[in-house]
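Below is one structure, written out as structure tokens; comments come after it.
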Amino acid sequence: MTEEKSLNFIEEIIEADLKSGKYSSIVTRFPPEPNGYLHIGHATSICLNFGLTQKFGGYTNLRFDDTNPVTEETEYVESIKEDVKWLGFEWKNELYASDYFEQLYGFALKLIDKGLAYVDDLTSEEIAALKGSHTEPGKDSPFRSRSIEENRRLFEAMRAGQFKDGEKVLRAKIDMAHPNMLMRDPIMYRIKHAHHHRTGDQWCIYPMYDFAHGQSDSIEEVTHSICTLEFVPHRELYDWFIEKLEIFPSHQYEFARRNLTYTVMSKRKLLQLVAEKHVDGWDDPRMPTISGMRRRGYTPEAFRDFCDRVGIAKRENLVDVGLLEFCVREHLNKVALRRMVVFDPLKVVIRNYEEKLGEVEMLKGEDNPEDPESTVREIPFGRELFIERDDFMEQPPKKFFRLYPGGMVRLKFAYIIRCDEVVKDDAGNITELRCTYIPESKSGEDTSGINVKGTLHWVSAHNNVTAEVRLYDRLFKVEDPSNEEGDFKDYINTDSLQVVQTVFAEPALKTAKMNERYQFLRKGYFTLDTKDTYGRLVFNRTVTLKDSWSKEQKKA
RNA sequence: UGAGCUAUGGUGUAACGGUAGCACUACAGAUUUUGGUUCUGUCUGUCUAGGUUCGAAUCCUAGUAGCUCAACCA
């Protein structure tokens, strides 16, 4: 028996529509405006729209809502396509609202002919003044009663470029006293003598969102048009245009956008972070953009799992970023290659270990203990090693499982060692540990009978490679920066990036690849940075490992 | 002080008039050559007040709280 997973409210609507025979299969679309980079909020929408047609049958289009030439660019189109593909989805058709400009123009003429649209000469300010308010009805424009013939002639003249920007607009003739402000004769077309990224200089009038989006859905015969909650009031207008135009009845459904703790999600705020150089660009690994998180090492599988677990609904929400981190750890744990890297080296000399001239003992370490068919790599051992400085304490607290004077630990994949002597410089800093190893304790063939509590990662002091490592923390110091007093930027975490210039890694990392994920043992998950790093090895930390020891310490 | 939307543990989401469940987090324990993983267990919830009903998270009424709406943006 398979467990029936309960459906979310949109899936329930679709299931009912399919069952009743309203539709035999469904069509959805992901409709970004190409004026910025996609972030994790968009990822939710992508997973939803594409996930729905995967689940119920049908297809999903990628449609760029490019009706405002002054903010939109081809560069964004490319990055959006890359991000959607990277998330693992395939669109049926790549479409543009600008493909429909001629049809949309025809729709406008149709409404004019029906006496449902008029050309208005008022300025932007005058229109706003006559619009009324939440508590007061609006007033009719003096141009509202122009004849159909005049409206037609004027609108054609608008298209022909006979007017300057802002001189005239086309408005729907609905009701200036409507309780829904969007129904108070909304603007359908405005004049913009601007170059469009696809249609060039072909047009100087451009449709507004409300006169483009629903109609585009309808042209594509989108059955379920899914958007976020702030568009709820637009639905009434969406339906009005479709009804008056007598075109395919697409339906709009709204869900609550996703918010994440310790970050911001609005395009405006993200743009500010980039423009004011609080981060290094849209793809800075601290950004909640898909490109940023990709660079940080997040995987498409983790994103999709996250969207699945969060689900969708209509109430306000603030999802704990810890859930995202859980998802990426869960995936990375299964696929990441284990490697040993020492960040802050402390030298260990094994006094009873004899090195033979020209010979290095190679130890075997499995690449991934989660994989029963794990491959194995070789790790050079030696008389002189590095361990992590904080894996040693002269005066260990209770429950400290690591190395201390007289104590024993296992070196992962290698031998058990005992610390005999601590060497210090004149200033009292520890410079070296002198140890002995237990030859019979070799990993995999241990006959020593000794049990130790701690296992440390290490690298050979002579056979290693160096690398740079970038450690990221949350971008903001508070859970919901947008909801705090004052400017959200006051809450930026200035310690969100820590660069460790030189770390010591086992030689296997010399051939690290872009598409591979690594777990640096006891340190976290890392991936190679995708930027040109001039021949250096630079790793980004995707996420730390869960750390119950530091938690234990905080309690003490 | 108009209209619309929403209200279930710390977080997110189920329960479709009939035992408030799942996941994350937190906590406790077991296993462990990663203080990771895995496994087991525990804590915490129906916004308020009325009503309908044998029975209400669910239906009704009235409150309360939060969000959205007056761009020639999308």
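All values below come from the heavy atoms of this structure, side chains included, with hydrogens, waters and symmetry mates left out.
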So does [X] pair up with [Y], basic N to acidic O under 4.0 Å?
X	Y	result
A:Lys442	A:Glu361	yes
A:Lys173	A:Asp140	no
A:Asp120	A:Arg144	no
A:Lys131	A:Asp185	no

Searching all strands shown, indicate the nucleotide that pairs with [N] (Watson-Crick or G-U wobble; both distances under 3.5 Å).
N	answer
B:U46	none
B:U34	none
B:G4	B:C67
B:U53	none
B:C72	none
B:U13	B:G21

Mind listing the N/O atom pairs, protein and nucleotides 19-26 of chain B, below 3.5 Å?
residue: B:A23; atom: O2'; partner: A:Arg309; partner atom: NH1; Å: 2.8
residue: B:A26; atom: OP1; partner: A:Lys551; partner atom: NZ; Å: 2.8

With a 4.0 Å cut-off on heavy atoms, is [X] in touch with a base, just the backbone sugar-phosphate, or nothing at all?
X	value
A:Arg338	base
A:Arg258	sugar-phosphate
A:Asn180	nothing
A:Val232	sugar-phosphate
A:Leu318	sugar-phosphate
A:Pro32	nothing
A:Lys192	sugar-phosphate
A:Leu411	nothing
A:Ile450	nothing
A:Ser548	sugar-phosphate
A:Tyr189	nothing
A:Gly444	base
A:Glu370	base
A:Thr123	base

Between [atom2] of [N] and [atom1] of [X], the distance in whole Å:
X	N	atom1	atom2	result
A:Leu324	B:U13	CG	P	15 Å
A:Tyr206	B:C73	OH	P	13 Å
A:Glu440	B:U33	CD	P	18 Å
A:Glu316	B:U6	CD	P	12 Å
A:Lys314	B:C5	NZ	C1'	7 Å
A:Tyr262	B:G10	OH	C1'	12 Å
A:Arg410	B:U32	CZ	C1'	13 Å
A:Phe255	B:G4	CZ	P	23 Å

Taking the minimum atom-to-atom distance to the side chain of [X], which one of [options] wins?
X	options	answer
A:Ser133	B:A70, B:A74, B:G36	B:A70
A:His134	B:A14, B:A74, B:G2	B:G2
A:Leu229	B:C5, B:U1, B:U34	B:C5
A:Asn333	B:G36, B:A14, B:A70	B:G36

Between the side-chain atoms of [X] and the base atoms of [N], is any donor-acceptor pair under 3.5 Å?
X	N	answer
A:Arg522	B:G35	no
A:Glu230	B:G4	no
A:His178	B:A3	no
A:Thr455	B:U34	no
A:Gln519	B:U34	yes

Rounded to whole angstrom, note down the [atom1] distance from [N] over to [M].
N	M	atom1	value
B:G63	B:C24	P	42 Å
B:C73	B:A7	C1'	31 Å
B:U68	B:G50	P	32 Å
B:U40	B:C22	P	12 Å
B:U46	B:U11	P	13 Å
B:U8	B:G45	C1'	6 Å
B:G17	B:G10	C1'	30 Å
B:U25	B:U38	P	10 Å

Straight-line distance of A:Phe520 CZ to A:Arg338 CZ, nearest 0.5 Å: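 A:Phe520 atom CZ to A:Arg338 atom CZ measures 12.5 Å (nearest 0.5 Å).
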
Nearest-0.5 Å distance, CG of residue A:Asp344 to CZ of residue A:Arg389: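 Answer rounded to 0.5 Å: 5.5 Å.
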
A:Lys81 and A:Leu62, any side-chain heavy atoms less than 4.5 Å apart: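 Of all side-chain heavy-atom pairs linking A:Lys81 with A:Leu62, at least one is under 4.5 Å.
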
Below 4.0 Å: OP1/OP2 of B:A74 and any side-chain N or O of A:Thr67: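 A:Thr67 to B:A74 OP1/OP2: side-chain N or O found under 4.0 Å.
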
Test log, rule side-chain hydrogen bond (donor to acceptor under 3.5 Å, both in side chains), inputs A:His39 and A:Thr289: CA-CA 4 Å; A:His39 54 62; A:Thr289 51; over 6 Å; no

Upstream residue (5' side of RNA chain B) when A:Phe9 and A:Gly454 are each assigned their closest nucleotide: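 Nearest-nucleotide comparison on RNA chain B picks A:Phe9.
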
First of A:Asn451 and A:Asn317 reached from the 5' end of RNA chain B, by closest nucleotide: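 First, find each residue's nearest nucleotide; the 5'-ward one identifies A:Asn317.
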
Does NZ or CZ of [X] come closer than 6.0 Å to the centre of the six-membered ring of [Y], within 45° of the ring's axis?
X	Y	result
A:Arg159	A:Tyr105	yes
A:Lys314	A:Phe255	no
A:Lys364	A:Phe413	no
A:Lys192	A:Tyr206	no

